[in-house]
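These numbers were taken from a predicted model, which means no experiment stands behind them. Here is the naming used below: chain letters follow the sequence lines, and residue numbers restart at 1 for every chain.
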Amino acid sequence: MRYWLMKSEPDDCSIDDLAALPNQSVAWYGVRNYQARNFMRDQMGVDDLALFYHSSCAAPGIAGIVRISKKAYPDETQFDPSSRFFDPKASRDNPRWLNVDVQLVRKTRLMALAEMRQLPELATMIVLQKGNRLSITPVDPGHWRFIEARLG
DNA sequence: GCCAACGTTGGC
DNA sequence: GCCAACGTTGGC
């Protein structure tokens, strides 16, 4: 059982969008970074928990908690020529990209990036490191407990 | 829109 | 294997 932080652009899928979906769950498609893919493939298990983070938006920060509801399987969008995530080098025999499914656990108050940066307890979080762009990062249990307590 | 940081591609 | 060029991410 591990903890994660997963970035989503709210213009694409916000915490409220997730809450409105059937089963409040969604395929975390579109990851096109090998390190993030490998996290899903090698380390993510069903019932792992993740912070749902809004990125590339006016108010970046943690917006909710989700759980991994299905382990990694091939990302359909890599096979779809009409998708912006289409990958001509991927095939069904040899898929390159994977996704997991996530399900809403609860929406939280927004814990803004600016607030996170002000908390010395969180200073070593991967997502706060300079230049970090990974869309999926592990969160250590101490950070998880601290954030969860602070989210109320 | 700007720009720093990073990952990927492809020529050599 | 090196590395320049290019594309993307993501905060501001």
ring-ring contact (aromatic ring centres under 6.0 Å, His included) evaluation trace for W97(A) with Y34(A): CA-CA 8 Å; W97(A) 305 111; Y34(A) 288 104; 4.8 Å; yes
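If you find the closest nucleotide of DNA chain B to K89(A) and to K130(A), the one lying nearer the 5' end belongs to K130(A).
A side chain to side chain donor-acceptor pair (under 3.5 Å) with D47(A) is found for one member of R67(A), Q103(A), R2(A) and no other, namely R67(A).
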Protein proximity profile, nucleotides 5-12 of chain C - base contact B, sugar-phosphate-only contact S, no contact -, cut-off 4.0 Å on heavy atoms: --BBBBSS
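The side-chain tip of K70(A) points at the ring of Y73(A) from less than 6.0 angstrom away and within 45° of straight on.
Legend: side chain to side chain donor-acceptor pair (under 3.5 Å) pairs involving residues 110-128 of chain A, not counting sequence neighbours, sorted by first then second residue: R109(A)-E115(A), E115(A)-R150(A), T124(A)-H143(A).
Salt bridge present: R84(A) and D12(A) bring a charged side-chain N and a carboxylate O closer than 4.0 Å.
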